[in-house]
Amino acid sequence: MKQTILVTGGTGFIGSHTSVELIEAGYNVVIVDNLSNSKIEVLDGIEKITGTRPAFEQVDLRDFEATKNVFLKYPDIEGIIHFAASKAVGESVQEPLMYYRNNVVSLLNLLELMPQYNVKGLIFSSSCTVYGQPNPENLPVTEEAPHQKATSPYGNTKEINEQIILDYIHSGANIKSIVLRYFNPIGAHSSAHPSALIGELPNGVPNNLIPYVTQTAMGIRKELTIFGNDYNTPDGTCIRDYIYVVDLAKAHVAAMARVLDQDTDKIEYFNIGTGHGNSTLEIVETFEHATKVKVNWKYGPRREGDIEKIWGDCSKANSILGWKADTPLSDVLLSAWKWQEKLRADGVM
Ligand code: UD1
């Protein structure tokens, strides 16, 4: 029988791609989202790609009763993938209480309800942000690397949430969890059928690099600023581990199968990245090469709070989850550009 998975934040960027992969792997998917940073039309995209429309509930997970009603309505839910969260670093500095309430209360509500409704497994979306700037000898960073104090309330919510899950499991709660620490997810689902696409839809001026690159290439933004070229890296720009969102989505399917169907530790941690780093400049140049579209860019000052360089040692996920991110960067950047072209064709931006 198909297992039913609750995907919170399932109409968002990573949530929608993961819903596609879950459906294609044979799971029933129930999406919960408050649509605060995503659109209901994403469900059409998921349906076009998979041929299945996931169940959807517009619920705010801060609302305990409304969240409880989801478990009453779908008593077969066995696992949860918890994406729903606010994620803009700068905004979190301006609105810390909103970030703590959104990102912490939602998790508390889900954890409290899991044993009551016999939900066994939780996959949690964490971030490499918990490592801060690793010492150079710790690169690529493993899951054992020391954590560093978060530089923003957003980053802090990831650290706190990891701790809450650990404490709850230590208390003897009858659940299991896999914590996935993502590096930098980018790109969009590629489909032979251009109407069947899902992707990243930032609100307003993007903070993240790739939407800024694609919007500049489209002429929506005048110029990309590369933040800093005096870092201690080969070309002076920052280095990140950019992972294709579809590869990332597949890691969740592997993690869900492990947490639900295998006899494993009650909590496990995995880095989810490609295992290598690319500089900001390399990203821009690879984008131009892959798409044959020029990006207007200049160097600017460093961005406050930026990490100089980080990339992940993902061998634990490779061997234990039997999963690997192997989509070439140029294909990934091309997928991001196709998505931007679709947004233009649809008149979105
Ligand atoms: C940021 C967060 C991270 C979070 C992630 C969510 C910080 C310090 N980290 O990651 O915690 O999980 O977003 O998506 O904010 N860049 C430019 N010009 C731009 C935009 C970005 O040069 O206009 C550079 C940045 O300096 C950085 C790289 O591109 O070196 C990637 O930036 P971004 O996409 O914002 O991700 P992170 O900062 O790595």
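Start at 1 and go down the list; that is how both ligands and their atoms are numbered.
- Each of the atoms 12 (O) of ligand 1 lies under 4.0 Å from some heavy atom of S127.
- In this structure, atom 18 (N) of ligand 1 lies nearest to the protein heavy atom T225 O, 2.7 Å.
- Scanning all protein heavy atoms for the shortest distance to atom 27 (C) of ligand 1 gives R240 NH2, 3.6 Å.
- In this structure, Y242 is part of the shell of residues with a heavy atom less than 4.0 angstrom from ligand 1.
- Looking from atom 8 (C) of ligand 1 to the surrounding protein, the closest heavy atom is G305 O, 3.5 Å.
- For K309 (side chain) and N232 (main-chain N/O), a donor-acceptor pair under 3.5 Å exists by modelled atom type.
- The proximity of L224 to ligand 1, defined as any non-hydrogen pair under 4.0 Å, is limited to the side chain.
- Of the charged side-chain nitrogens involved, at least one lies within less than 4.0 Å of a carboxylate oxygen, so that E78 and K120 count as a salt-bridged pair.
- Inclusion of C238 in the set of residues having an N or O under 3.5 Å from an N or O of ligand 1 is not warranted.
- The nearest protein atom to atom 35 (O) of ligand 1, hydrogens excluded, is given as R303 NH2, 2.9 Å; this is a heavy-atom distance.
- Figure legend: cation-pi geometry between R240 and F183 absent, as NZ or CZ is not positioned both under 6.0 Å from the six-membered ring centre and within 45° of its axis.
- Under the 4.0 Å criterion applied to side-chain N and carboxylate O atoms, R181 and E162 are assigned as salt-bridge partners.
- Residue Y154 has at least one N or O atom closer than 3.5 Å to an N or O atom of ligand 1.
- Taking the six-membered ring where the residue is Trp, the centroids of H17 and F83 are separated by 6.0 Å or more.
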Checklist line | Worked verdict on H252 versus F124 for ring pair (Phe, Tyr, Trp, His ring centres under 6.0 Å) | finding: CA-CA 9 Å; H252 294 79; F124 179 67; over 10 Å; no
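- A salt bridge links E268 and R258; the closest N-O separation between the charged side-chain nitrogens and carboxylate oxygens is under 4.0 Å.
- The pair R53-D44 meets the salt-bridge criterion, with a side-chain N (NZ, NE, NH1 or NH2) lying under 4.0 Å from an Asp/Glu carboxylate O.
- Residue N207 approaches ligand 1 through these ligand atoms, each under 4.0 Å from one of its heavy atoms: 20 (C), 35 (O).
- Between the side chain of S177 and the backbone N or O of L122 there is at least one donor-acceptor pair closer than 3.5 Å.
- A distance-only check finds a donor-acceptor pair linking the side chain of N318 to the backbone of C314 [under 3.5 Å].
- Checking only distances, D306 does come within under 3.5 Å of ligand 1, N or O to N or O.
- Residue, atom and distance of the protein heavy atom nearest to atom 9 (N) of ligand 1 are V89 CG2, 3.9 Å.
- Counting only heavy atoms of the protein, atom 6 (C) of ligand 1 lies nearest to N208 ND2, 4.0 Å.
- Looking only at heavy atoms of the protein, atom 36 (O) of ligand 1 is closest to N184 ND2, 3.2 Å.
- Regarding atom 19 (C) of ligand 1, its nearest protein heavy-atom neighbour is F227 CE1, 3.2 Å.
- Remark: the backbone N or O of G79 is not paired with any side-chain donor or acceptor of Q3 at under 3.5 angstrom.
- Heavy-atom proximity to I226, at under 4.0 Å, picks out these atoms of ligand 1: 22 (O).
- Heavy-atom contacts of T129 reach the following atoms of ligand 1: 11 (O) (cutoff under 4.0 Å).
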